[in-house]
Number of protein chains: 2
Amino acid sequence: MSNSCFATRLSHFLALTPAEEAALARLEDKERQFERGECIRHQGDPADELFIVRKGWLYSHLELDDGKRQILRINFPGDLVGTSSVAFGNASHSLTALSDGVLCPFDRRALAELFEQHSRLATLLFLISQAERVAMDDRLASLGRTDAKARIAALLLDIVVRHRIMGDGDLAEVEIPMTQEDIGDATGLTSVHVNRMMKELKRDGLILRERNRVTILDEGRLVDLAGYINRYAAVDTSWLPAPEA
Amino acid sequence: MSNSCFATRLSHFLALTPAEEAALARLEDKERQFERGECIRHQGDPADELFIVRKGWLYSHLELDDGKRQILRINFPGDLVGTSSVAFGNASHSLTALSDGVLCPFDRRALAELFEQHSRLATLLFLISQAERVAMDDRLASLGRTDAKARIAALLLDIVVRHRIMGDGDLAEVEIPMTQEDIGDATGLTSVHVNRMMKELKRDGLILRERNRVTILDEGRLVDLAGYINRYAAVDTSWLPAPEA
DNA sequence: CGATATTTTGATTCATATCAAGGTGGGTGG
DNA sequence: CCACCCACCTTGATATGAATCAAAATATCG
C-alpha cells in the first residue's frame with residue numbers, strides 16, 4: 001500500500017498501477033496542518049488549489065446573506081475537497097475543520113497534468129465526482145421531501161457509512177465532532193429541534209448518545225426511517241479501460 | 001460553428017480545436033426522439049449510456065418510497081445528462097421529458113475514449129461537472145435555509161439564466177412547461193403553497209404569469225429575494241493547458 | 001474555579017401542509 | 001359543434017411540524 005491517502009481511497013474502486021500510484025502520491029507533496037474550528041478557506045477567497053484530506057474531519061458550508069448557514073458536506077481522510085476552485089478562480093463555499101488534521105494542497109494545474117498523463121485516472125475521478133453528485137441528489141431529496149427525524153437519520157447514516165469506507169473505526173459507532181447546531185445547519189433545522197428529534201431517536205432505540213459519540217443501534221430501522229440508499233456500495237468501475245502499459 | 005450541440009455548449013467556455021469538435025460530434029452520432037411526459041429512463045433501470053440533449057426540456061427526479069417526488073434539475077439543449085450511469089451500472093434517478101425533443105445517447109466507454117484522446121476536454125468536462133455541483137450546493141442551501149418565496153424565485157432564476165446561456169429565446173421571458181405541482185416537487189413545497197406564493201410574486205410586481213409563460217419583471221429584486229448567485233458567469237477556464245497540436 | 005459553549009426543557013408563534021370544494025381551459029369523442 | 005372530461009389552478013378553513021423565545025442545566029476549557 002502506498003502512503004498516499006488519495007491512492008488508498010481510489011484503490012477501493014480500482015487496482016492501481018505503480019505509475020498511477022506515483023502520480024497520485026505527487027499530489028500529496030505538500031502538507032498543511034489545521035486545527036479544530038479553523039477556517040481553511042472562506043467563500044469568495046481567491047483559490048486555485050484543491051486539497052486532499054489526509055487526517056481529520058472538515059465540512060464545507062455556505063454562509064447566506066442573512067447570517068444563516070448551510071452545511072453541504074462532511075469530509076473525511078481520502079476525500080478530494082475544494083474542487084470548486086477548478087471551475088472558478090475562487091472558493092464557492094467555506095471550508096472549516098471539525099477536528100485537528102492534515103491536508104495536502106496542490107494547484108489545479110497539477111490536476112490537468114494528471115488528466116493528461118493518466119486518462120484512466122481522469123475517468124475514475126470523473127466517475128467518483130458523479131457518485132458524489134448522486135449523494136448530493138439524495139441530500140436534496142432528504143431536505144426537500146422528508147421530515148426532521150428522517151433528515152437527521154440520513155445525515156448520521158451518511159457519516160457512518162462513509163467513515164466505514166476508510167476502514168478506520170468501528171462498524172456502527174462514531175465519535176461525531178459536531179454540535180447539535182452543526183447538525184441543524186446540515187439538515188436545515190434549528191438546534192432546538194435537532195435536540196428533540198435526537199432524543200426521540202434515542203427513546204425509540206435507534207441510536208445511543210453520550211457526549212458527541214453516537215452509536216447506531218438499529219441500522220436497519222434507521223435506514224427505513226431515512227429512506228437511505230448506500231450509493232457507495234454500488235459503484236461500478238468494471239467498464240474502465242485497461243491501465244496503460 | 002459545428003452542428004454538435006455539445007460542442008456549441010463547450011465552446012462557450014473554451015475555443016475548441018477542429019479535432020476536439022470532431023471528437024465531440026461523434027458522441028452525437030445516434031439520435032432518439034422523445035415526447036412530452038415520456039419517461040426516458042426510470043430510476044433503477046440498468047443503464048450504461050449517457051445523453052446529450054439536443055432539443056427540448058427534461059427533468060431528473062427521485063421517487064421516494066412514500067410516493068413523494070423530488071425534482072433534482074431541469075435540463076436544456078447542450079446539457080449532458082444521465083451521467084450517474086458512469087458511476088453505477090444503473091440509473092440513480094428518473095429522467096422525464098417536459099417537452100417534445102431529441103437526445104443523443106452514447107455508451108460510457110465512448111466517454112473513456114474521449115478522455116484518453118483529448119485530455120483537455122476531460123479536464124473541461126470535470127471542470128463543468130464541478131460547476132454543476134456548485135449549482136447543486138446552492139439548491140441545497142435554498143431548500144435548507146430559505147423560505148417558500150425565495151425557493152421559487154431561485155428556481156425561476158436558475159431556469160431563466162441557464163436558458164439564456166444557450167442564447168435561444170428572450171432575456172427575461174420563458175415559457176416554462178411545468179405545472180405548479182412540478183415546481184413544488186422541485187422546491188420541496190406543495191402545489192397549493194406554490195400557487196399562493198407565485199400569486200404574491202405577481203402581486204409584488206416581480207413576475208408576470210399567463211398560462212405557463214413566466215416573465216421576470218424585476219430581476220434585481222428577484223435575485224435579492226432568492227439570494228441567487230449566477231455561478232455560470234464566473235466559470236474560469238484560463239488555466240487549462242494549451243490544446244494539443 | 002470561573003467563564004463560556006452547548007444541551008435541554010417549556011411555552012408560544014408561524015410557515016407551510018392538509019383537506020376540501022369550486023373554477024378554468026383545452027382536448028376529445030359523440 | 002357541443003358537451004363532457006380531465007388536468008390544472010384557485011381559494012378557504014383547519015391542522016401541524018418546526019421555529020422562535022426564554023431560561024435553566026450541564027459540559028468543556030483555560
Side-chain angles (χ1 to χ4, degrees), chain A residues 35-38 64 66-71 96-100 142-156 175-204 207-214 225-226, chain B residues 35-38 64 66-71 96-100 142-155 175-203 207-214 225-226:
Chain A
E35 283 179 2
R36 180 189 166 123
E38 186 181 337
L64 309 189
D66 55 0
K68 292 204 178 82
R69 187 174 68 137
Q70 175 69 49
I71 292 184
T96 302
L98 278 171
S99 69
D100 294 352
S142 179
L143 295 214
R145 284 295 185 224
T146 76
D147 66 14
K149 227 192 277 190
R151 291 188 215 173
I152 294 169
L155 179 73
L156 295 177
E175 179 102 27
I176 298 181
M178 295 169 78
T179 66
Q180 293 180 355
E181 182 145 19
D182 292 335
I183 294 175
D185 284 337
T187 51
L189 301 166
T190 57
S191 59
V192 173
H193 204 57
V194 168
N195 184 279
R196 292 198 237 264
M197 292 302 105
M198 287 186 76
K199 206 171 57 174
E200 286 193 21
L201 290 174
K202 186 181 175 185
R203 168 173 51 74
D204 298 345
I207 65 172
L208 211 85
R209 294 180 300 153
E210 62 250 326
R211 240 15 91 65
N212 43 19
R213 172 168 294 270
V214 173
L225 173 64
Chain B
E35 281 179 5
R36 176 185 171 127
E38 186 181 336
L64 280 48
D66 55 0
K68 293 203 178 81
R69 187 175 67 137
Q70 176 67 49
I71 291 184
T96 303
L98 277 170
S99 69
D100 294 352
S142 179
L143 295 215
R145 285 295 184 223
T146 77
D147 66 13
K149 228 192 277 191
R151 293 189 214 173
I152 293 169
L155 179 73
E175 178 103 25
I176 298 182
M178 294 170 77
T179 66
Q180 293 182 354
E181 182 146 20
D182 292 335
I183 294 174
D185 284 337
T187 51
L189 301 165
T190 58
S191 60
V192 172
H193 204 57
V194 168
N195 184 279
R196 292 199 239 262
M197 293 301 106
M198 288 186 76
K199 206 170 56 175
E200 286 193 20
L201 289 175
K202 186 181 173 184
R203 172 177 45 76
I207 65 173
L208 211 86
R209 295 179 299 151
E210 61 249 330
R211 229 34 76 66
N212 43 20
R213 169 168 299 269
V214 174
L225 173 65

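Side chains included, hydrogens not; waters and symmetry mates left out as well; all remaining heavy atoms used. Convention: sequence-line order gives letters A, B, ...; per-chain numbering from 1.
Annotation: side chain to side chain contact (heavy atoms under 4.5 Å, CB included) contacts of B/Thr146 (sequence neighbours excluded): A/Leu64, B/Ser142, B/Ala150, B/Arg151. Residues passing the salt bridge (charged side-chain N to carboxylate O under 4.0 Å, His left out) test with B/Glu38, sequence neighbours excluded: B/Arg32. Applying the side-chain hydrogen bond (donor to acceptor under 3.5 Å, both in side chains) test to A/Arg145 and every residue at least two apart in sequence or in another chain returns B/Asp185. Under the salt bridge (charged side-chain N to carboxylate O under 4.0 Å, His left out) criterion, A/Lys202 pairs with no residue, sequence neighbours left out. Residues forming a side-chain hydrogen bond (donor to acceptor under 3.5 Å, both in side chains) with A/Ser99 (at least two apart in sequence, or on another chain): none. For A/Arg213, the salt bridge (charged side-chain N to carboxylate O under 4.0 Å, His left out) partners at least two apart in sequence or on another chain are A/Glu173, A/Glu175.
If you take CE of B/Met197 and C1' of C/dT16, they are 8 Å apart, rounded to a whole angstrom. Summarising the geometry, the separation between NE2 on A/His193 and C1' on C/dC14 is reported as 14 Å, rounded to the nearest angstrom. As a whole-Å value, the separation of B/Arg151 CZ from C/dA15 P is 13 Å. With rounding to whole Å, B/Glu210 atom CD is found 13 Å from C/dG26 atom P.
Between B/Thr187 atom OG1 and B/Ile71 atom CD1 the span is 9.0 Å, to the nearest 0.5 Å. Here the CG-CG distance, from A/Asp182 to A/Leu98, works out to 6.5 Å after rounding to the nearest 0.5 Å.
Heavy atoms of A/Gly184 sit nowhere under 4.0 angstrom from any nucleic acid atom.
Looking at B/Gln70, its side chain does come within 3.5 Å of a backbone N or O of B/Ala186 through a donor-acceptor pair.
Close approach of DNA chain D to chain B, defined as any atom under 4.0 Å from a non-hydrogen atom of the protein, starts and stops at D/dC8 to D/dA13.
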Solution key, residues 190-200 of chain A side-chain donor-acceptor pairs under 3.5 Å, sequence neighbours excluded:
{"residue": "A/Thr190", "atom": "OG1", "partner": "A/His193", "partner atom": "N", "Å": "3.3"}
{"residue": "A/Asn195", "atom": "ND2", "partner": "A/Gln180", "partner atom": "OE1", "Å": "2.9"}
{"residue": "A/Glu200", "atom": "OE1", "partner": "A/Lys149", "partner atom": "NZ", "Å": "2.8"}

A correct 5'-to-3' footprint of nucleotides 6-13 of chain C, with B, S and - meaning base, sugar-phosphate only and no protein heavy atom under 4.0 Å, is SSBBBB--

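The shortest distance between the side-chain N/O atoms of B/Thr190 and the OP1/OP2 oxygens of C/dT16 is not below 4.0 Å.
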Would you please test B/Leu201 and B/Leu225 for side-chain contact (heavy atoms from CB on, under 4.5 Å) and show each step? CA-CA 10 Å; B/Leu201 289 175; B/Leu225 173 65; 3.6 Å; yes

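Comparing the local axis fitted to the first five base pairs of the helix from C/dC1-D/dG30 to C/dA21-D/dT10 with the one fitted to its last five gives a bend of 50°, rounded to 10°.
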